[in-house]
Chemist: 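Quick one: the structure is below, and I'll ask about it shortly.
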Amino acid sequence: MTEMTETYQPSAELKALDRLVGAWAVEGGAEGTVRYEWMPGGFFLLQHVELTQFGEPVTGLELIGNLRPFGEPAGADVVSRFYDSAGNTLDYVYELTGDKLTIWGGVKGGPAYYEGTFSADGRTVTGAWVYPGGGGYSSTMTRI
């Protein structure tokens with residue numbers, strides 16, 4: 001039996017998402033609250049979701065981090081999987097550069113994405129979801 005001697009650290013790209021930690025009121029095309037917290041160890045950010053979107057409740061949990069399959073190095077992208085109470089699983093890729101937060105639905109660079117900007121004081125994130133074919137909606141998160 002071999003020992004695992006390599007020590008891992010959360011990626012800088014993942015740690016940048018620390019700006020999301022806390023509770024947020026969401027307004028726009030989806031209404032309600034989301035709450036972000038670190039899983040012990042700091043390798044995964046958890047998002048708890050309680051929203052209403054298009055008149056339907058959306059309740060779920062998203063796990064955000066770098067994939068590290070058994071025996072392999074961690075992937076470069078910060079990815080997530082969202083699980084909701086209706087049985088859906090949705091995949092995303094997160095990127096935070098400066099004050100600009102981009103979340104792609106599916107794969108990085110894909111046609112469905114969110115692009116938002118943190119305010120100077122970090123208390124709001126204002127942006128919009130863009131869907132293929134011209135759909136989407138504006139959204140504002142305010143720290144509560």
Side-chain angles (χ1 to χ4, degrees), residues 4 6-144:
M4 294 189 67
E6 190 169 351
T7 302
Y8 298 102
Q9 296 295 321
S11 72
E13 293 80 9
L14 177 62
K15 289 194 282 188
L17 296 180
D18 191 60
R19 295 176 75 180
L20 292 169
V21 171
W24 300 82
V26 178
E27 297 176 311
E31 306 271 335
T33 60
V34 296
R35 181 175 48 87
Y36 292 88
E37 66 177 325
W38 288 108
M39 179 182 258
F43 287 96
F44 296 97
L45 184 62
L46 308 176
Q47 180 186 197
H48 304 269
V49 175
E50 293 184 23
L51 299 171
T52 299
Q53 184 178 30
F54 308 120
E56 298 293 324
V58 178
T59 302
L61 176 68
E62 183 176 17
L63 280 76
I64 305 163
N66 297 93
L67 293 179
R68 189 175 68 210
F70 186 74
E72 296 181 26
D77 290 336
V78 176
V79 300
S80 75
R81 176 156 287 168
F82 176 73
Y83 302 86
D84 74 16
S85 58
N88 296 305
T89 58
L90 304 171
D91 295 328
Y92 298 94
V93 178
Y94 279 69
E95 183 175 81
L96 180 59
T97 304
D99 290 332
K100 181 179 160 188
L101 174 65
T102 305
I103 306 169
W104 288 275
V107 297
K108 187 173 184 175
Y113 62 91
Y114 170 83
E115 191 169 275
T117 304
F118 280 87
S119 62
D121 65 4
R123 297 200 48 81
T124 61
V125 181
T126 304
W129 278 98
V130 175
Y131 297 144
Y137 61 89
S138 294
S139 176
T140 299
M141 294 194 322
T142 304
R143 194 174 293 280
I144 51 176

Chemist: Could you grab the distance from atom OH of Tyr92 to atom OH of Tyr114, nearest 0.5 Å is fine?
Modeler: 13.0 Å

Chemist: Show your reasoning for whether side-chain contact (heavy atoms from CB on, under 4.5 Å) applies to Tyr83 and Leu63.
Modeler: CA-CA 9 Å; Tyr83 302 86; Leu63 280 76; 4.3 Å; yes

Chemist: Between atom CZ of Phe82 and atom CG of Leu61, what is the distance when rounded to the nearest 0.5 Å?
Modeler: 8.0 Å

Chemist: Please report, to 0.1 Å, the donor-acceptor pairs under 3.5 Å made by any side chain of residues 126-137, with sequence neighbours excluded.
Modeler:
{"residue": "Tyr137", "atom": "OH", "partner": "Gln53", "partner atom": "NE2", "Å": "3.0"}

Chemist: Mind checking what makes salt bridge (Lys or Arg N to Asp or Glu O under 4.0 Å) contact with Glu95, not counting sequence neighbours?
Modeler: Lys108

Chemist: Under the side chain to side chain donor-acceptor pair (under 3.5 Å) definition, can you give me all pairs with a residue in residues 59-79, not counting sequence neighbours?
Modeler: Ser11-Asn66, Gln47-Glu62, Glu62-Ser80, Glu62-Tyr94

Chemist: With a 6.0 Å cut-off (strictly less than), is the heavy-atom count around CZ of Phe118, excluding the residue itself, greater than 12?
Modeler: yes

Chemist: Looking at CG of Leu46 and CD1 of Ile64, how far apart are the two atoms once the value is rounded to the nearest 0.5 Å?
Modeler: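 Spacing of CG (Leu46) from CD1 (Ile64) equals 8.0 Å.
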
Chemist: Only counting residues at least two apart or in another chain, list the ones meeting salt bridge (Lys or Arg N to Asp or Glu O under 4.0 Å) with Asp84.
Modeler: none

Chemist: Are Leu51 and Val34 side-chain neighbours, meaning at least one heavy-atom pair lies under 4.5 Å?
Modeler: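 In short, these two side chains touch, coming nearer than 4.5 Å.
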
Chemist: Return the minimal non-hydrogen interatomic distance between Thr102 and Lys100, and the atom names on each side.
Modeler: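 Where Thr102 meets Lys100 most closely, the heavy atoms are OG1-CE, 3.6 Å.
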
Chemist: Which pairs pass salt bridge (charged side-chain N to carboxylate O under 4.0 Å, His left out) with one or both residues in residues 20-33, sequence neighbours excluded?
Modeler: none

Chemist: Going from NE2 on His48 to CZ on Arg35, what distance comes out if it is rounded to the nearest 0.5 angstrom?
Modeler: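 CZ of Arg35 is found 4.0 Å from NE2 of His48.
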
Chemist: Which donor-acceptor pairs under 3.5 Å do the side chains of residues 13-24 make with protein atoms, sequence neighbours left out?
Modeler:
{"residue": "Asp18", "atom": "OD1", "partner": "Trp38", "partner atom": "NE1", "Å": "2.6"}
{"residue": "Arg19", "atom": "NH1", "partner": "Gly98", "partner atom": "O", "Å": "2.9"}
{"residue": "Arg19", "atom": "NH1", "partner": "Asp99", "partner atom": "OD1", "Å": "3.1"}
{"residue": "Arg19", "atom": "NH2", "partner": "Asp99", "partner atom": "OD1", "Å": "2.9"}
{"residue": "Trp24", "atom": "NE1", "partner": "Leu20", "partner atom": "O", "Å": "2.7"}

Chemist: For Ala25 and Ile144, work out which heavy atoms get closest and say how close.
Modeler: CB-CG2, 3.8 Å

